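Heads up: the structure comes next, in structure tokens.
Note: hydrogens, waters and symmetry copies are ignored here, and every other heavy atom, side chains too, is used. Chain A is the first sequence line, chain B the second, and so forth, proteins listed ahead of strands; every chain is numbered from 1. Since this is a predicted model, take the numbers as computed values, not measurements.
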2 protein chains.
Amino acid sequence: MDPVLNEVKDIGAFLKENGIKPSYQRMQIYKFLLENRIHPTVDTIYKALCDDIPTLSKTTIYNTLNTFVEKGIISVIVIEENETRYEANMQLHGHFKCTECGQIYDIFLDTDPLDLTQLKNFKIKEKHIYFKGICEHCLKKATDKN
Amino acid sequence: MDPVLNEVKDIGAFLKENGIKPSYQRMQIYKFLLENRIHPTVDTIYKALCDDIPTLSKTTIYNTLNTFVEKGIISVIVIEENETRYEANMQLHGHFKCTECGQIYDIFLDTDPLDLTQLKNFKIKEKHIYFKGICEHCLKKATDKN
DNA sequence: GTATCTGCAAAACATTTGCAATTCT
DNA sequence: AGAATTGCAAATGTTTTGCAGATAC
């Protein structure tokens with residue numbers, strides 16, 4: 001069972017608990033992030049919700065996501081310049097972006113693997129770990145061709 | 001002694017070795033990255049070199065940096081959206097960005113600290129590790145005020 | 001009825017592209 | 001002369017801002 005989906009049974013109540021008024025747009029955007037762990041961009045979210053909310057504008061998505069980030073219920077992933085992505089998973093984990101297919105995989109980090117005595121007098125608020133390369137699937141496709 | 005500065009004695013020769021024709025602009029841009037380990041943006045480089053090269057354009061800086069990245073002599077740091085930074089240090093290391101003063105600190109990572117058995121069938125080409133928070137200096141300033 | 005939220009249009013900003021002028025050999 | 005480099009102007013794409021209308025309590 002998905003730990004995040006398991007935690008959030010009632011999206012409206014969850015948003016309220018975090019000081020966010022649960023409008024229809026906000027609930028649908030958060031629901032999309034919960035149910036689609038694809039680290040979407042604003043454009044991806046927009047295209048996905050357009051059918052359900054024909055009057056939806058990207059401004060609302062930007063506003064909403066910025067609110068969610070401020071309230072600490074989603075996090076921002078910046079891997080490529082000009083391609084900001086978002087996710088509802090707030091547990092420490094890493095990412096792998098395949099440069100062939102563009103997909104972003106989650107990487108589980110059991111315990112915090114980094115020795116950070118260098119930063120003992122620093123206040124760390126966010127940890128970001130990601131890799132780039134070619135995923136298993138794309139590597140297989142490449143060898144199958146030859 | 002700085003390991004990177006130590007390695008590159010003759011910038012022109014170094015660029016040639018890496019298949020880059022050493023124009024004056026290119027040498028100055030690479031020299032700036034070598035001598036100023038501040039992970040600058042294009043704008044920072046532009047402002048720094050404008051006095052020396054009054055006709056310099058940002059297009060040339062973008063072209064040059066993209067060439068350097070392709071040839072593998074510099075790397076790109078993307079921490080904030082819409083703020084791409086560059087550095088000449090090609091050794092594996094992490095970064096810490098202070099959200100107060102904006103400075104980016106280098107973090108030494110002795111050996112590769114991450115267990116990546118999950119990615120054993122993936123081809124990893126780049127590893128990125130960075131943190132955000134408040135640096136020692138800004139924390140001290142805050143406590144001094146109170 | 002007053003606050004907030006939404007969404008259009010325009011602005012802001014970083015980066016890329018087209019192309020002409022310049023430089024180098 | 002010929003090929004690569006430079007740099008201006010315009011285009012592109014993402015995100016933000018100003019503001020007016022809609023919605024909610």
### Spacing between A:Ile29 atom CD1 and C:dT6 atom P, to the nearest angstrom
8 Å
Please list, pair by pair, any protein nitrogen or oxygen found under 3.5 Å from a nitrogen or oxygen in nucleotides 19-25 of chain C.
none

### Message
I'd like to know if the side chain of B:Gln103 pairs up with that of B:His39 as donor and acceptor (distance under 3.5 Å, no hydrogens or angles considered).
### Response
no
### Task
Report the residues that fulfil salt bridge (Lys or Arg N to Asp or Glu O under 4.0 Å) with A:Lys97, sequence neighbours left out, ordered by chain and then residue number.
A:Glu80, A:Glu83
### Message
Quick test of your reading of the model: are A:Glu136 and A:Lys140 salt-bridged, counting only N-O distances below 4.0 Å?
### Response
no
### Message
Rounded to whole Å, please give me the gap between NZ in A:Lys16 and C1' in C:dC5.
### Response
16 Å
#### Entry: Partners passing ring pair (Phe, Tyr, Trp, His ring centres under 6.0 Å) against A:Phe122 (at least two apart in sequence or in another chain)
B:Phe96, B:Tyr105
### Query
When you measure from every atom of DNA chain D, which of residues 68-77 of chain A have a heavy atom less than 4.0 Å away?
none
### Query
Ignoring hydrogens and geometry, is there a side-chain-to-backbone donor-acceptor pair from B:Thr64 to B:Thr60 under 3.5 Å?
yes
### Query
Can you tell me if A:Asn36 uses its side chain to pair, donor with acceptor, with the backbone of A:Ile38 under 3.5 Å?
no
### Query
So do the side chains of B:Gln28 and B:Phe32 get within less than 4.5 Å of each other, counting heavy atoms only?
no
### Message
Return the OH to CD1 distance between B:Tyr86 and B:Ile61, rounded to the nearest 0.5 Å.
### Response
10.0 Å
#### Entry: A:Tyr130: hydrophobic cluster co-members (side-chain, 4.5 Å)
A:Ile77, A:Ile79, A:Ile104, B:Ile77, B:Ile79, B:Ile104, B:Tyr130
When the side chains of residues 65-76 of chain B are checked against the rest of the protein, which donor-acceptor pairs come out under 3.5 Å, sequence neighbours left out?
{"unit_1": "B:Asn66", "atom_1": "ND2", "unit_2": "B:Tyr62", "atom_2": "O", "d": "3.3"}
{"unit_1": "B:Thr67", "atom_1": "OG1", "unit_2": "B:Asn63", "atom_2": "O", "d": "2.9"}

### Task
Identify, with sequence neighbours excluded, every residue that meets side chain to side chain contact (heavy atoms under 4.5 Å, CB included) alongside A:Asn82.
B:Asn82
#### Entry: Interface residues of residues 17-26 of chain B with DNA chain C (non-hydrogen, below 4.0 angstrom)
none
## Note on the structure
So salt bridge (Lys or Arg N to Asp or Glu O under 4.0 Å) across residues 38-54 of chain B, not counting sequence neighbours, yields B:Asp43-B:Lys47, B:Asp43-B:Lys58
### Task
Examine the side chains of B:Glu100 and B:His137 and answer whether a donor and an acceptor come within less than 3.5 Å of each other.
no
### Query
Starting at OH of B:Tyr46 and ending at P of C:dT15, how long is that distance when rounded to a whole Å?
15 Å
#### Entry: Presence of A:Thr84 side-chain N/O under 4.0 Å of D:dT15 phosphate oxygens OP1/OP2
yes
### Task
Tell me, please, which residues at least two apart from B:Leu139 pass side chain to side chain contact (heavy atoms under 4.5 Å, CB included).
A:Lys123, B:Ile134
### Query
Heavy atom of residues 50-66 of chain B under 4.0 Å from DNA chain D: which residues?
B:Thr55, B:Leu56, B:Ser57, B:Thr59, B:Thr60
### Task
Whole angstrom is fine here: how far is it from CD in B:Gln28 over to C1' in D:dT5?
16 Å
### Query
How many Å lie between CG on B:Asn82 and C1' on D:dG13, as a whole number?
10 Å
### Summary
Output field dot_bracket for DNA chain D (Watson-Crick or G-U, both distances under 3.5 Å, | for other-strand pairs) contains ||||||||||||||||||||||.||
### Summary
Rounded to whole Å, the CD-P distance (B:Glu80 to C:dA14) equals 13 Å
### B:Phe108 backbone acceptor or donor facing A:Gln118 side chain under 3.5 Å
yes
### Query
Any donor and acceptor pair, going by atom type alone, linking the side chain of A:Arg26 with main-chain N or O of A:Ile20 inside 3.5 Å?
no
